[in-house]
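Values reported hereafter were calculated over all heavy atoms of this structure, with side chains retained and with hydrogens, waters and symmetry mates removed. Every chain is numbered from 1 and lettered A, B, ... according to where its sequence line falls, protein lines coming before strand lines.
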Amino acid sequence: MPELPDVEGFRKVLESCVKGRVVQRVEVRDAGVLHGVSARRLREALEGRRFTEPERHGKWLLARTGGPTLVLHFGMTGQLVCARPDDAVEAHDRVLFTVARDRQLRYRDQRKLQGLWLAEEELEVARLLDGQGPDAMAVDRAEFESALAARRGSVKTVLTDQSVLAGLGNLLADEILWRARLRPANRASDLTESDRRRLYTQMRRTLRSAVTAGCVPPRDSWLTGHRDDPDPACPRCGTSLRRSRMAGRGTVWCPRCQPDGA
DNA sequence: AGATATGTTCATCC
DNA sequence: TGGATGAACATATC
């Protein structure tokens, strides 16, 4: 699930569910999601602290407290849900944060590919986010264009490289490239000035809608709405979509709308 | 049984 | 050094 729009949705969950509230109890049900911190230390560090304004960078989420910062990454299946303490605990609820008699934040994750970190100080936050490129939502046109121009790899690989641009995942990259009419395998450094401008514009538009939806919506008019069709057709021109694999990730594109570069 | 899945990291080869 | 590829991580579903 989680790409930038999903994580932005989780940031809003933090904002509405726990911001301004004091952590009353931390319950670690599966310490396998903790990185570099014990369940005991996590509890000691957070119980009694008040959550402040949460932040997001790319696919990383920072739950700040004024003291230590809880840093979250959701891998492919993680999510953050606002529940009530007496709601039944689900199989994949890994850590529970009770912040009121009727409010409990839950880190839920099936596959445990990523998880939670505790940054005791700002320097550790910086260390965890070290190597992340500019956030895809916040990057300006000039920065975006120069980041792309400097890379020789395929444009899809570059878009999903978190050290170039933070936040885009597999679905978003395919969606944006389809809207910008660029073939994923084209080299980023071969894009023309107008290709790059179009790509930036479409990235913004796509992100705006997806953030509103809280995910990359599988709408009929979007490429993403057809990824799982048995014989997918381009929602724009009806041509059969092509599938391939790039850097180990399933890639979908329209051979007609997204012409071979060069 | 095997392939696939929205992520990241590490090893390896060119 | 960059870039491409594949495996690994853990688990569910088609």
For this session: Tell me which nucleotide among dT5(C), dA5(B), dT8(B) gets nearest to the side chain of Ala247(A).
Result: dT5(C)
For this session: Return no unless some side-chain N or O of Arg151(A) is found under 4.0 Å from OP1 or OP2 of dG3(C).
Result: yes
Exercise. Reckon Arg245(A) touches a base, only the sugar-phosphate, or nothing at all at heavy-atom distances under 4.0 Å?
Worked result: sugar-phosphate
Problem set entry | Audit row: Phe74(A), Tyr107(A), ring pair (Phe, Tyr, Trp, His ring centres under 6.0 Å) steps and yes/no | CA-CA 9 Å; Phe74(A) 301 90; Tyr107(A) 179 82; 5.7 Å; yes
Exercise. On the ring face of Trp222(A), is Arg179(A) found with NZ or CZ under 6.0 Å from the centre and within 45° of the axis?
Worked result: yes
For this session: Could you tell me whether the phosphate oxygens of dT11(C), OP1 or OP2, come under 4.0 Å of any side-chain nitrogen or oxygen in His92(A)?
Result: no
Exercise. Do the cysteine sulfurs of Cys257(A) and Cys234(A) sit under 2.5 angstrom from one another?
Worked result: no
Problem set entry | P spacing across the pair dG3(C) / dT6(B), given as an integer number of angstrom | 24 Å
Problem set entry | From dT11(C), dG3(C), dC9(C), nucleotide with atom closest to Gln110(A) side chain | dT11(C)
Seminar exercise, completed: Of Asp228(A) and Gln162(A), the one whose closest nucleotide on DNA chain B sits nearer the 5' end is Asp228(A)
Exercise. So which nucleotide from dT11(C), dT6(B), dA4(C) ends up closest to the side chain of Thr157(A)?
Worked result: dA4(C)
Exercise. Has the side chain of Arg249(A) got a donor or acceptor that lies under 3.5 Å from a partner of the other kind on the base of dA5(B)?
Worked result: no
Problem set entry | Cation-pi geometry met for Arg236(A) and Trp178(A) (6.0 Å, 45°) | yes
Problem set entry | Gly248(A) vs Ala150(A), nearer the 5' end of DNA chain C by closest nucleotide | Ala150(A)
For this session: State the CG-NE2 distance between Leu113(A) and His73(A), to the nearest 0.5 angstrom.
Result: 10.0 Å
Exercise. How would you label the contact of Gly153(A) with the nucleic acid (heavy atoms, under 4.0 Å): base, sugar-phosphate, or nothing?
Worked result: sugar-phosphate
For this session: With P as the reference atom in both, quote the distance from dA3(B) to dG6(C) in angstrom, rounded to an integer.
Result: 13 Å
Problem set entry | Integer-rounded Å distance: dT8(B) C1' and Asp109(A) CG | 13 Å
Exercise. How long is the line joining CE of Met246(A) and P of dG3(C), in whole Å?
Worked result: 13 Å
Exercise. With a non-hydrogen cut-off below 4.0 angstrom, is Thr160(A) in contact with a base, only sugar-phosphate, or nothing?
Worked result: nothing
For this session: Give Arg111(A) one of three labels, base, sugar-phosphate or nothing, depending on what nucleic acid heavy atoms sit under 4.0 Å from its own.
Result: base
